[in-house]
Amino acid sequence: NTQRDIQINEDFVDFNFTHVGRISESKQITIKNKYSFPIEVNWALLKVYNKVSDKWVSNPFKIRPEVQTIAPMTSFNF
């Protein structure tokens, strides 16, 4: 929504399923800061349930950088 002070180019981020051992396709996410002050973006991916080990494990998907300060009136691509 162009009216929001913090904009993201995706309403929903789909990391897509991939079989074990295959690298998933990269995606670019852009966040725009329309505030007059910097914002900090901190990505937190939830743990996922591994059916093979019957345990909760770290999410295999990554967003880099995990933490980023975005200056006022600028955007950043993750």
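Linking ILVMFWY side-chain heavy atoms closer than 4.5 Å, directly or via other members, places I39 and M73 in two distinct hydrophobic clusters. Both F37 and F76 are part of a single hydrophobic cluster, where members link through side-chain heavy atoms under 4.5 Å apart. When hydrophobic clusters are built by joining Ile, Leu, Val, Met, Phe, Trp and Tyr residues whose side-chain heavy atoms come closer than 4.5 Å, directly or via intermediates, V57 is not grouped with W43.
Of the residues listed (I8, T30, I63), the one engaging F78 in a side chain to side chain contact (heavy atoms under 4.5 Å, CB included) is I63, and it is the only one.
S36 contributes atom OG, which lies 9.0 Å from atom CG of D5 (distance to the nearest 0.5 angstrom). One finds the CD atom of Q68 at 10.5 Å from the CG atom of N77 (value rounded to the nearest 0.5 Å). Once rounded to the nearest 0.5 Å, the distance linking NZ of K34 with CD of Q3 reads 6.5 Å. Rounded to the nearest 0.5 angstrom, L45 CG and E66 CD are separated by 8.0 Å.
In this structure, V67 and E40 have side chains that are in contact, with non-hydrogen atoms separated by less than 4.5 Å.
Under the 3.5 Å distance criterion, the side-chain polar atoms of N33 are matched with a main-chain donor or acceptor of I70. Put simply, the side chain of N59 never gets that close to the backbone of V48: no donor and acceptor are under 3.5 Å apart.
In plain terms, the two heavy atoms of S75 and K32 that are nearest each other are CB-CA, 3.8 Å.
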